[in-house]
Amino acid sequence: MSYDLTIIGTGPGGYVCAIRAAQLGLKVAVVEKRGTHGGTCLNVGCIPSKALLYASELFEEAGHKFGEMGIGVPAPKLDLPAMLAFKDRGVDGNVKGVEFLLKKNKVDVYMGAGKILGAGKVEVTLNADGKVEVLDTKNIVIATGSDVAPLPGVAIDEQRIVSSTGALKLPKVPGKLVVVGAGVIGLELGSVWRRLGAQVTVVEFLDRILPGMDSDVAKSFQRILDKQGFAFKLGTKVTGVDTSGKTLKVSVEPAAGGAAEVLEADVVLVAIGRIPYTAGLGLEEAGVAKDARGRVVTDHHFATNVPGIYAIGDVIVGPMLAHKAEDEGVALAELLAGKAGHVNYDVIPGVVYTFPEVASVGKTEDDLKAAGIAYKVGKFPFTANGRTKVNNTTDGFVKIIADAATDKVLGAHIIGPEAGEMIHECAVLMEFGGSSEDLARTCHAHPTRSEAVKEAAMAVEKRAIHM
């Protein structure tokens, strides 16, 4: 069979690229070895974790917050198998949805392991019977995503020492959970199990949580998590985990050197990041270049050094985010169809789906200081917002960063309920090169949390009304 485009991997980048290319009239095939579509995101990442975050948040609300609102209910009882089944149903529905969309758009699907034999040739070892097929194709897209970054000297067994995959299906709530890594994944899954009853300690090599996010936001968010019951050991490294006893013994010591100590844990979650997944693709044999971090090297049009071979998503440079991969998939499909595909990497939102949520788009203060760019900041706390005050969800704030000379909004950062939804008005404004005054003069409905965005924009010029 001959194709215009063959995509290896049907995660958010791969399947979106396939659908857009098919919409544009290309004959498209996808190769997926997992056996289900959606990649890490739909199967063992974004989607299942959000199901458990949602369910555990309701569990905590019922147990601790209903009473103050005059809702008298018995203490909730956790049925963990039923909660995990709720998560699995959501995953199944999303995965089947992708399967339907590929079929609807007449994309040919090959379930098996793909290997690039060279420009124009993809070998597929089919899952069903082990037979090998070779696909002729004008273009190849590598969209194989990422894998869990290993912690040297600590073997993940997905039973007691788990990655994010194992943390989504623990058979019981651990008494003590040690999370290695204070990034998005560690804090989200730590939140799930803390709400369900675990005592959570987060160990982070750096001296802060949420590396890469605005440091002001990170400090404020850590204080919120402290109040929720998280324990943090920052500037600390894990040197080993003793699995010989009934309880795990986690050896830690200061990253800068110093006295070691041992933490006890029932489960250890390793969440120190992710690495590009390119094993078995034949990249070396095909001559596809990779950088020192194992990422596929591409130009601004996603092309590798081998003509006709492209890459998108977690396997290339940039944030490892599903929506970044999706936008790259659309842009590449449009470029291959002769259109003007483009991704604006300065306006890619990032969200931590804890409670409250943390959302960010654009530059941080740290970025601008490092670049020597003069800027102004407007902040507005949710304690001064009518909607959050009456709902007693006042933790957090909105922060708008604008260029000191032009007033163009360079970044926006929110800690608060539904921050992940609120950040997008800032993203749209920034996509069109808007100013803080544009945002400040846009009428916002009252009472809404989004009024805090308007007030933060007004605060850039020190003219916020409600503080």
Side-chain angles (χ1 to χ4, degrees), residues 40-41 43-46 48-49 52 144-171 174-194 198-213 218 222 225 230-279 290-295 314-315 319-321 352 354:
T40 294
C41 177
N43 288 274
V44 291
C46 319
S49 67
L52 290 183
T144 46
S146 58
D147 200 359
V148 175
L151 180 62
V154 178
I156 293 173
D157 60 13
E158 300 296 14
Q159 302 296 320
R160 294 201 294 168
I161 302 177
V162 300
S163 69
S164 54
T165 300
L168 291 167
K169 55 183 181 181
L170 295 177
K176 293 182 178 179
L177 173 66
V178 169
V179 178
V180 186
V184 176
I185 294 171
L187 296 182
E188 286 184 352
L189 292 175
S191 289
V192 167
W193 294 107
R194 184 205 60 76
Q199 181 181 325
V200 178
T201 301
V202 179
V203 181
E204 169 57 50
F205 185 82
L206 300 177
D207 61 359
R208 53 163 293 173
I209 70 171
L210 295 178
M213 278 202 165
Q222 186 184 337
L225 294 178
F230 275 79
F232 289 95
K233 288 191 171 294
L234 304 181
T236 302
K237 63 181 177 181
V238 173
T239 57
V241 180
D242 181 355
T243 62
S244 61
K246 186 176 180 181
T247 302
L248 298 171
K249 297 203 169 13
V250 184
S251 298
V252 301
E253 61 184 52
E261 65 174 307
V262 174
L263 307 176
E264 287 195 350
D266 299 292
V267 173
V268 172
L269 166 59
V270 176
I272 59 172
R274 298 185 67 83
I275 54 176
Y277 184 81
T278 58
K290 294 192 288 186
D291 66 15
R293 294 174 61 179
R295 299 173 298 195
D314 287 4
V315 295
M320 289 183 171
L321 296 169
V352 188
T354 47

Determine yes or no for a side-chain-to-main-chain donor-acceptor pair under 3.5 angstrom, with [X] supplying the side chain and [Y] the backbone.
| X | Y | value |
| --- | --- | --- |
| Ser191 | Leu189 | no |
| Asp242 | Lys249 | no |
| Thr165 | Val44 | no |
| Thr144 | Thr278 | no |
| Arg274 | Ser146 | yes |
| Asp147 | Ile275 | no |
| Arg208 | Ala218 | no |
| Glu158 | Ser163 | yes |

Where do [X] and [Y] come nearest, in terms of heavy atoms and distance?
| X | Y | value |
| --- | --- | --- |
| Pro48 | Cys41 | CD-O, 3.6 Å |
| Val148 | Ser164 | CG2-OG, 4.4 Å |
| Gly183 | Pro211 | CA-CD, 4.4 Å |
| Arg295 | Pro276 | CG-CG, 3.5 Å |
| Gly145 | Val315 | O-CG1, 3.2 Å |
| Val162 | Val267 | CG2-CG1, 3.9 Å |

* Atom NZ of Lys169 with >12 non-hydrogen neighbours under 6.0 angstrom ->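 Not buried by this count: 12 neighbours or fewer within 6.0 Å.
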* Should Val268 and Arg160 be marked as a side-chain contact (heavy atoms from CB on, under 4.5 Å) after you check the CA-CA gap, both sets of side-chain angles, and the distance that decides it? -> CA-CA 6 Å; Val268 172; Arg160 294 201 294 168; over 6 Å; no
* List the steps and the verdict of side-chain contact (heavy atoms from CB on, under 4.5 Å) for Phe232 and Glu204. => CA-CA 8 Å; Phe232 289 95; Glu204 169 57 50; over 6 Å; no
* **Interatomic spacing from NZ in Lys246 to CG in Asp266 - rounded to 0.5 Å** =>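 Answer for the NZ-CG pair, Lys246 versus Asp266, is 9.0 Å.
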* To do: First locate atom OG1 of Thr354, then atom CG of Leu210, and finally report the distance between them rounded to the nearest 0.5 Å.
  =>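 One finds 8.0 Å between OG1 of Thr354 and CG of Leu210.
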* Asked: Could you go step by step and tell me if Ile209 and Val202 meet the side-chain contact (heavy atoms from CB on, under 4.5 Å) rule?
  -> CA-CA 9 Å; Ile209 70 171; Val202 179; 5.8 Å; no
Would you call [X] and [Y] a side-chain contact if the rule is heavy atoms closer than 4.5 Å?
| X | Y | result |
| --- | --- | --- |
| Arg194 | Leu225 | no |
| Leu206 | Leu234 | no |
| Thr236 | Pro254 | no |

* Option from Leu177, Leu269, Val178, Leu187 for which side-chain contact (heavy atoms from CB on, under 4.5 Å) with Val200 holds ->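 Among Leu177, Leu269, Val178, Leu187, the one meeting side-chain contact (heavy atoms from CB on, under 4.5 Å) with Val200 is Leu177.
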* To do: Starting from the C-alpha separation in whole Å, work towards a yes-or-no answer on side-chain contact (heavy atoms from CB on, under 4.5 Å) for Val179 and Trp193.
  => CA-CA 11 Å; Val179 178; Trp193 294 107; over 6 Å; no
